[in-house]
Amino acid sequence: MKRLSMLLVVLVVIQKINAQQERVITTAVPFLTIASDARASGMGEMGVATSFDAYSQQWNPAKFAFAENKTGVGISYTPYLESIVSDVSLLSASYYNKITDRSAFAFSVRYFGLGEIELRTTPDPDVFTLVKPNEFAIDGSYSLKLGPTFSMAVGGRFIRSNLRLQEGSQDSQAANAFAVDIAGFYRSREIAYNSFDGRWRGGFNISNLGGKIQYDEGGQENFLPTNLKFGAGFDFIFDQDNVLGLHTEFNKFLVPTPRDFNGDGLITSEDNDEYQQIGFFSGVFESFGDAPDGFSEELKEITWAIGAEYTYREAFMLRGGYFNESQEKGSRRFFTLGAGFQFKSAQIDLSYLFSTSQISNPLENTLRFSFTFNFGEELVND
């Protein structure tokens, strides 16, 4: 991408700003909400209550306590706006290690690059400044089993957003922030039913709890994408070779809803100034009951997804899912398909997205890739 106008298109798509949707909740660093691995992407972009994998850091770090190998590494690549540009993408890498049978720690990095931008102040085609806006996050977590079927985790995150463009002779400043996650995961023992065995799963994750992010002194403060995920799933274990997992997940931004504070029927700059006075901590609690149209609008702020994963001999996986968001709150609606192939300690996952919304999805018709490598002895979980 070589033009400033193209960057503006990217930022508008990322923030989902639409003039007809004044009460759509937008936040800073929205790249943190993009599914960064192909397995979760293939199941409707969910992962809070699915089985453990190396990418659990984003979805539910409490799952690391149920890891089946001593150590693992995951690497993932997600093209972004691939139908428009070729140099915008999300890269992620993760690492986990089981400390004991009951505990584990993990680290991950996510990097969102927005390509190269040529800034020009003269008509001379040979005179320009080349900039490379980007954002990244570095995560760490610790998970612990509190019992044979339940674990919890805490995580920390450093976020750096370098989207400001150079102005004159002054170098713009990158914005930094810190956030924490609190997560829990439940996995039942295998239960014998009439014609199959089964296993229940459940999980929650409160992610990106932290102060607002600000790009310059005196500038607007922006909420982080603080989010509550919760979900459940069930594994149909037909025999040792065939397993079918069905899952569902719900998401709610713990960020205040933009609204008309002065009652003039419009959301103006004055309303925005008052919105900015809300602190991040009080905003978490306000987010459950501040929608102007009451409870019905609060429900519209909850996205939901359903997904399925069929596993054959732990070597081949076939996945599908659907994600739904209210038309008044962003209108992200899409189907996903995915597959996985495992050979010894290595696994490759792929996923593809089909949008069903009238609003274009930046990940539409995009093929995503993930690679996982598990090392060390295999562990036995109760």
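The chain is numbered in sequence order, starting from 1.
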| said: Assess the residue pair Phe185 and Phe66 against the criterion (ring-ring contact (aromatic ring centres under 6.0 Å, His included)); give the C-alpha distance rounded to whole Å, side-chain angles, the decisive distance to 0.1 Å, and a yes or no. | reply: CA-CA 9 Å; Phe185 181 65; Phe66 289 89; 5.5 Å; yes
| query | Under a single-linkage rule joining Ile, Leu, Val, Met, Phe, Trp and Tyr whose side-chain heavy atoms are separated by less than 4.5 Å, which residues share a cluster with Phe343? | reply | none
| query | Are Ser207 and Asp181 linked by a side-chain donor-acceptor pair shorter than 3.5 Å? | reply | no
| request: Applying ring-ring contact (aromatic ring centres under 6.0 Å, His included), run through Trp304 and Phe323 and close with a yes or a no. | output: CA-CA 6 Å; Trp304 57 267; Phe323 181 95; 8.4 Å; no
| query | Looking at side-chain heavy atoms only, is the closest gap between Ser355 and Arg333 below 4.5 Å? | reply | no
| field | Distance-only side-chain donor-acceptor flag, Asn227 / Asn251, under 3.5 Å | value | yes
| Counterpart residues, side chain to side chain donor-acceptor pair (under 3.5 Å), relative to Asp37 (two or more places apart) | Trp59
| said: I'd like to know if Asp53 pairs up with Arg39 as an ion pair, taking the criterion as any Lys NZ or Arg NE/NH1/NH2 lying under 4.0 Å from an Asp or Glu carboxylate oxygen. | reply: yes
| Pairs flagged by salt bridge (charged side-chain N to carboxylate O under 4.0 Å, His left out) wherever residues 203-215 is involved - sequence neighbours left out | none
| query | Between Arg157 and Asp139, is a salt bridge (Lys or Arg N to Asp or Glu O under 4.0 Å) present by the stated rule, with each step listed? | reply | CA-CA 4 Å; Arg157 178 170 299 111; Asp139 303 0; 2.9 Å; yes
| request: Might you point out which heavy atoms bring Ser89 and Tyr77 nearest each other, and give the distance in Å? | output: CB-CE1, 3.5 Å
| Do you see a donor-acceptor pair shorter than 3.5 Å between the side chains of Asp349 and Gln347? | yes
| Taking the six-membered ring where the residue is Trp, are the ring centres of Phe150 and Tyr186 under 6.0 Å apart? | no
| request: Check which hydrophobic residues are tied to Met43 through side-chain heavy-atom contacts below 4.5 Å, counting indirect links as well, and list them. | output: Met46
| Take atom CD in Gln276; do more than 12 heavy atoms of anything else shown fall under 6.0 Å from it? | yes
| remark: Contacts of Leu299 meeting side chain to side chain contact (heavy atoms under 4.5 Å, CB included) (sequence neighbours excluded), chain-then-number -> Phe295, Ile302
| said: Using the side chain to side chain donor-acceptor pair (under 3.5 Å) definition, which of the options Arg199, Arg187, Arg201 pairs with Asp235? | reply: Arg201
| Straight-line distance of Thr311 OG1 to Leu318 CG, nearest 0.5 Å | 9.5 Å
| message | Could you check whether atom CD of Glu270 has more than 12 heavy atoms from other residues, nucleotides or ligands sitting under 6.0 Å from it? | response | no
| message | To check you understand the geometry: which heavy-atom pair defines the closest contact between Gly115 and Val88, and what is its length? | response | N-CG2, 4.4 Å
| field | Aromatic plane relationship, Phe341 with Phe316 - under 30° parallel, 30 to 60° tilted, over 60° perpendicular | value | tilted
| query | Got Thr257 and Glu301 here, is their nearest side-chain heavy-atom distance under 4.5 Å? | reply | yes
| Should the ring pair Phe105 and Tyr95 be called parallel, tilted or perpendicular, given that the plane angle runs from 0 to 90° and is split at 30 and 60? | tilted
| query | Does the pair Ile213 and Glu221 meet the rule for a side chain to side chain contact (heavy atoms under 4.5 Å, CB included), with working shown? | reply | CA-CA 6 Å; Ile213 193 169; Glu221 293 183 331; over 6 Å; no
| request: Give the cluster check for Phe234 versus Leu244: same hydrophobic cluster or not, with ILVMFWY residues linked at side-chain heavy-atom distances below 4.5 Å. | output: yes
| query | Around atom CZ of Phe158, are there more than 12 heavy atoms of other residues, nucleotides or ligands at under 6.0 Å? | reply | yes
| request: Mind checking side chain to side chain contact (heavy atoms under 4.5 Å, CB included) for Ser36 and listing every partner two or more places apart, or none if nothing turns up? | output: Gln58, Leu90, Ser92, Arg110
| task | Apply side chain to side chain donor-acceptor pair (under 3.5 Å) to Asn176 and list each qualifying residue two or more places apart in sequence or on a separate chain. | result | Arg160
Which donor-acceptor pairs under 3.5 Å do the side chains of residues 369-376 make with protein atoms, sequence neighbours left out?
{"from": "Ser370", "atom 1": "OG", "to": "Ala38", "atom 2": "N", "distance (Å)": "2.7"}
{"from": "Ser370", "atom 1": "OG", "to": "Ser76", "atom 2": "OG", "distance (Å)": "2.9"}
{"from": "Asn374", "atom 1": "OD1", "to": "Tyr96", "atom 2": "OH", "distance (Å)": "3.1"}

| Which residues share a side chain to side chain donor-acceptor pair (under 3.5 Å) with Tyr142, sequence neighbours left out | none
| note | Note: Ile25 and Pro258 closest approach over all heavy atoms is CG1-CD, 4.1 Å
| query | Is it true that the side chains of Ser357 and Ser331 contain a donor and an acceptor less than 3.5 Å apart? | reply | yes
| field | Donor-acceptor side-chain pairing of Asn208 and Thr226 below 3.5 angstrom | value | no
| task | Specify the closest pair of heavy atoms between Ser141 and Gln57, including all atoms of both residues, with the distance to one decimal. | result | OG-OE1, 2.6 Å
| message | Val243 vs Tyr310, test: side chain to side chain contact (heavy atoms under 4.5 Å, CB included). Steps then yes/no. | response | CA-CA 6 Å; Val243 179; Tyr310 167 72; over 6 Å; no
| N/O donor-acceptor pair under 3.5 Å between Asn134 side chain and Gly113 backbone | no
| query | By side chain to side chain contact (heavy atoms under 4.5 Å, CB included), which residues pair with Ile278, not counting sequence neighbours? | reply | Phe223, Pro256, Arg259, Phe261, Tyr275, Ser282, Glu286
| field | Note, Ile191 side chain near Asp197 side chain (heavy atom, < 4.5 Å) | value | no
| Worked verdict on Asn361 versus Ile359 for side chain to side chain contact (heavy atoms under 4.5 Å, CB included) | CA-CA 6 Å; Asn361 190 302; Ile359 297 177; over 6 Å; no
| field | 4.5 Å side-chain heavy-atom contact, Thr71 and Lys98 | value | no
| request: State which residues pass side chain to side chain contact (heavy atoms under 4.5 Å, CB included) with Phe230; sequence neighbours excluded, sorted by chain then number. | output: Phe204, Leu228, Phe250
| said: A side-chain contact here means heavy atoms from C-beta on lying under 4.5 Å apart; do Ile138 and Phe136 qualify? | reply: yes
| query | Ignoring hydrogens and geometry, is there a side-chain-to-backbone donor-acceptor pair from Arg368 to Ala35 under 3.5 Å? | reply | yes
| request: Using distance alone, with no hydrogens and no angle criterion, decide if Glu135 and Ser161 have a side-chain donor and acceptor under 3.5 Å apart. | output: yes
| task | Assert yes or no for the condition that the ring centre distance of Phe196 to Phe236 is strictly below 6.0 Å. | result | yes
| request: List, by chain and then residue number, the residues other than Tyr55 in its hydrophobic cluster (Ile/Leu/Val/Met/Phe/Trp/Tyr, side-chain heavy atoms under 4.5 Å); write none if there are no others. | output: none
| message | For Gly47 versus Lys63, what's the shortest heavy-atom pair and its separation? | response | O-NZ, 2.7 Å
| query | Is a salt bridge present between Glu298 and Lys252, judged by a nitrogen-to-oxygen distance below 4.0 Å? | reply | yes
| message | What verdict does the side chain to side chain contact (heavy atoms under 4.5 Å, CB included) test give for Asn324 and Thr303, after you've listed the backbone C-alpha separation in whole Å, the side-chain angles of each residue and the deciding distance to 0.1 Å? | response | CA-CA 6 Å; Asn324 183 84; Thr303 66; over 6 Å; no
| said: Taking the ring centre of each residue, are Phe31 and Tyr111 less than 6.0 Å apart? | reply: no
| task | Give a yes or no on whether a salt bridge exists between Lys300 and Asp293, defined as a side-chain N under 4.0 angstrom from a carboxylate O. | result | no
| task | Looking only at non-hydrogen atoms, find the nearest pair between Pro225 and Thr27 and report the distance. | result | CB-OG1, 3.4 Å
